[in-house]
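Below is one structure; the comments refer to it alone.
Labels below follow one simple rule: chain letters A, B, ... track the order of the sequence lines, proteins then strands, and each chain is numbered from 1.
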Number of protein chains: 2
Amino acid sequence: MPDTARRAEEPAGARYGNRPTMKDVAARAGVGLKTVSRVVNGEPGVTPETERRVQEAIEALGFRRNDSARVLRKGRTSSIGLVLEDLADPFYGPLSRAVEEVARAHGTLLFNGSSAEDPEREQELALALCARRVDGLVVIPAGDDHRYLEPEIKAGVATVFVDRPPGRIEADVVLSDNYGGARSGVAHLIAHGHRRIGFIGDMPRIHTAAERLRGYRAAMEDAGIPVAESWMSLGATDPERVRRAAEEMLSGPHPVTAIFTGNNRVTVTVIRVLAEHPRRVALVGFDDLELADLLKPGVTVVAQDAAALGRTAAERLFRRLDGSPPAPERIELPTRLITRGSGELPPAD
Amino acid sequence: MPDTARRAEEPAGARYGNRPTMKDVAARAGVGLKTVSRVVNGEPGVTPETERRVQEAIEALGFRRNDSARVLRKGRTSSIGLVLEDLADPFYGPLSRAVEEVARAHGTLLFNGSSAEDPEREQELALALCARRVDGLVVIPAGDDHRYLEPEIKAGVATVFVDRPPGRIEADVVLSDNYGGARSGVAHLIAHGHRRIGFIGDMPRIHTAAERLRGYRAAMEDAGIPVAESWMSLGATDPERVRRAAEEMLSGPHPVTAIFTGNNRVTVTVIRVLAEHPRRVALVGFDDLELADLLKPGVTVVAQDAAALGRTAAERLFRRLDGSPPAPERIELPTRLITRGSGELPPAD
DNA sequence: TAGAGGCTGGACAACGTTGTCAGATGGAGG
DNA sequence: CCTCCATCTGACAACGTTGTCCAGCCTCTA
């Protein structure tokens, strides 16, 4: 009558819907609680025979150690959080993956969340992660005031900002050289004879957008070219707005002969506009694109290394976690100009 | 002498390097532990004056409730895990994002991890998440034996598989219609006059790859076209192998006049090969690509809706979590053929 | 045979929170 | 002035784990 036998044993085991605990395992194996703990953690001091009995009970009950409880006891959760802008953006894929790889190498799990470029949501997410007691936080800022993280950082949450600097607090940050990259990209267009060059970028409150615009201005100033207001357009990166902005620059008596685009989303839309445009217009974009080399002409871009950004940030985070905390630092990674044709077109007029 | 005063208070407060707890807050506010809990959770039955004192102490100490501990008491962790193949793959970005949005709507945080197509790593990751007591798991299988998850599922971890079915267990799964999609894509090529059609896909042990091959075979059989062994190539999707495979099919006395590619990585490489190829070769790819419409010719694809895949899976997971668990179900989402030119090229000979 | 010493196993507290329950306090009514 | 009730507050146990510490047992030696 195995059924009754089983039923007779169960009461000491798992309650329905609940997972068995070490206590249940101990009861079933007829040993003490701590002995189960020792077996589960491979600690010495358990007879092979006892160990066998415990293992058997573990198997039979389907026990798995509750790491949440473990963590409560131990102090560290071995998990970190990544707050980024949009998990679906191809730029952030490699970045997340790089962070994940570093985390994995440190036996750490990764929470992932998107702020959708909403400062409030960023804060909500970051604080929820802190409440879960992540050991560290990698944040791609959406907002420009991160004082809300100050108590957390002080309390030991290793925090590193990536892609954009934090606002109103001192903390580690890993950036691309947005200014220098944009400047060299625009200089590249100037070197190919362009003088009327448009700039279409993201909302000016976003640091990267502002920096890239600054690079654009600097390159123009270096060349002694006065910039017309109508050549610059900053705002949301939805296709409709970008399309309008591009078409505006390309019309009128003195249209631009080249466009510098401030990020991958803008670049894609502008490529579409240019494909329908009668005149040949040069283009250099910030951020690389997957098929950029296969278009006609190939798209010349200022490429950032998203994976390096993520890796550097995560490594910095773990260094902070492992050793004595170094002073906050600003790390800037170089960009790379990749020429593929669109940036080398001569002015059309 | 505010300094000594502060120092006199501190001992009851946070120990160095540790976060203040409710106990610390209670001590500082001169109230009981439970009262702090009540304030933190907005429970009724606290005088405004008491509440003010507690709030003050919370501010002063930088207290934040430890949700890990809370969870231990409560039973649910309000977190789910997503095990996918590669966070950096553009196909999985929208999928993750969709899962995240659904999770967010349920006040749930998301753990994210990549298996890198390694069954062992998938298992390690999934079990680590179970040990953290995630409420549920969304898994894109890398392996073909998921019996290791049986005890977890039985213990209440709501589990949904996506993109590929689980191996050797019964569970919810959300799939694209890989067979039907491939079949219609190949039929499309046949309708445009092709008879010698190549297929380049991922490793045959991957379910989606096998299904798409099956669709290819079915379409060919429907048209009464015998398939030559040399027209089919399954294996790793690294560019070198795919390039070799494509070049082989395109050479010899009877080269293929069209190629059907089994996923986005393969498609990209084949586009590169075809760009250098003297003859016009038709192409239909499985999975959409960001700039597919801008290439010359535009790339005809069988598109799956990655976001819908993720959303459907996550919704299923939460339904299972909320209500009474429904029987495991297999949900298949339709694909869509998007014609852009490359699939409508006539045979070159 | 007794004492020393090594090994195994278990009782107990603690991690930070919440639920239960009982105690304290204050005001109203007899 | 005393009692009763409502309201507010706090002590305590519990969640599942690990670290500390001590008890029991066995073996070896004097």
Side-chain angles (χ1 to χ4, degrees), chain A residues 12-15 17-54 57-58 61-78 130-135 155-156, chain B residues 12-15 17-54 57-58 61-78 130-135 155-156:
Chain A
R15 277 132 306 172
N18 274 351
R19 305 208 50 149
T21 72
M22 284 194 177
K23 209 161 141 189
D24 301 320
V25 175
R28 169 145 188 154
V31 303
L33 189 52
K34 181 63 207 202
T35 300
V36 177
S37 172
R38 271 194 272 263
V39 171
V40 170
N41 295 298
E43 286 170 28
V46 181
T47 348
E49 161 59 15
T50 308
E51 170 157 5
R52 198 191 50 72
R53 283 221 318 280
V54 171
I58 289 177
L61 296 173
F63 167 80
R64 178 169 312 282
R65 182 180 61 196
N66 184 336
D67 275 359
S68 289
R70 172 168 218 240
V71 130
L72 177 60
R73 189 73 228 275
K74 291 242 161 189
R76 282 262 176 107
T77 60
S78 293
C130 288
R132 292 301 175 87
R133 294 296 186 268
V134 291
D135 297 335
Chain B
R15 277 131 307 173
N18 275 351
R19 304 208 53 149
T21 72
M22 284 194 178
K23 208 161 140 188
D24 301 321
V25 174
R28 168 141 188 159
V31 302
L33 189 52
K34 180 63 209 202
T35 300
V36 177
S37 171
R38 271 194 272 262
V39 171
V40 169
N41 295 299
E43 286 170 29
V46 181
T47 345
E49 162 60 15
T50 310
E51 170 157 4
R52 197 191 50 71
R53 285 223 316 281
V54 172
I58 289 178
L61 295 174
F63 167 79
R64 177 169 311 282
R65 183 180 60 197
N66 183 336
D67 275 359
S68 291
R70 173 167 216 244
V71 131
L72 176 60
R73 191 71 227 277
K74 291 243 163 190
R76 281 263 177 109
T77 60
S78 292
C130 289
R132 291 303 175 87
R133 293 295 186 270
V134 290
D135 297 334

Would you kindly give the [atom1]-to-[atom2] distance between [X] and [N], to the nearest whole Å?
| X | N | atom1 | atom2 | result |
| --- | --- | --- | --- | --- |
| D67(B) | dC15(C) | CG | C1' | 15 Å |
| E49(B) | dT25(C) | CD | P | 17 Å |
| I58(A) | dT17(D) | CD1 | P | 10 Å |
| R64(B) | dG16(C) | CZ | C1' | 15 Å |
| N66(A) | dC15(C) | CG | C1' | 13 Å |
| E51(B) | dC8(D) | CD | C1' | 13 Å |
| M22(B) | dG16(C) | CE | C1' | 8 Å |
| K23(A) | dA11(C) | NZ | P | 12 Å |

What protein N or O atoms touch nucleotides 26-28 of chain D N or O atoms at under 3.5 angstrom, if any, and at what distances?
none

Compare side-chain N and O positions of [X] against OP1 and OP2 of [N] and report whether any pair is under 4.0 Å apart.
| X | N | result |
| --- | --- | --- |
| T47(B) | dT7(D) | no |
| K74(A) | dA14(C) | no |
| T50(A) | dT8(C) | no |

Nearest heavy-atom pair of L72(A) and A69(B): which atoms, and what distance?
-> CD1-CB, 3.8 Å
Have a look at [X] and say if it touches a base, only the backbone sugar-phosphate, or nothing, with a 4.0 Å heavy-atom cut-off.
| X | answer |
| --- | --- |
| V31(B) | sugar-phosphate |
| G45(B) | base |
| V46(B) | sugar-phosphate |

How many angstroms lie between CG in N66(B) and SG in C130(A), if you round to the nearest 0.5 Å?
-> 11.5 Å
Report the C-alpha separation of V25(A) and L61(A) in whole Å, then their side-chain angles, then the decisive distance to 0.1 Å, and conclude whether the side chain to side chain contact (heavy atoms under 4.5 Å, CB included) test is met.
-> CA-CA 7 Å; V25(A) 175; L61(A) 296 173; 4.1 Å; yes
Between R65(A) and P44(B), the residue closer to the 5' end of DNA chain D by nearest nucleotide is P44(B)
Out of dT17(D), dG16(C), dG19(D), which has the shortest distance to the side chain of A69(B)?
-> dG16(C)
Among the nucleotides dC15(C), dT17(D), dT9(D), which one has an atom lying closest to any side-chain atom of L72(A)?
-> dC15(C)
What residues, two or more places apart in sequence or in another chain, satisfy salt bridge (charged side-chain N to carboxylate O under 4.0 Å, His left out) together with [X]?
| X | result |
| --- | --- |
| R133(A) | none |
| R52(B) | E49(B), E56(B) |
| R70(B) | none |

Compile the donor-acceptor pairs under 3.5 Å between side chains in residues 30-40 of chain B and protein atoms, sequence neighbours left out, one pair per line.
from: S37(B); atom 1: OG; to: N41(B); atom 2: ND2; distance (Å): 3.4

Answer yes or no: is there a donor N or O on one side and an acceptor on the other, between the side chain of R64(B) and the main chain of R19(B), under 3.5 Å?
-> no
Side chain R132(B), main chain T77(A), donor-acceptor under 3.5 Å = yes
Nucleic acid contacts - residues 32-43 of chain A versus DNA chain C, non-hydrogen atoms under 4.0 Å = G32(A), K34(A), T35(A), R38(A)
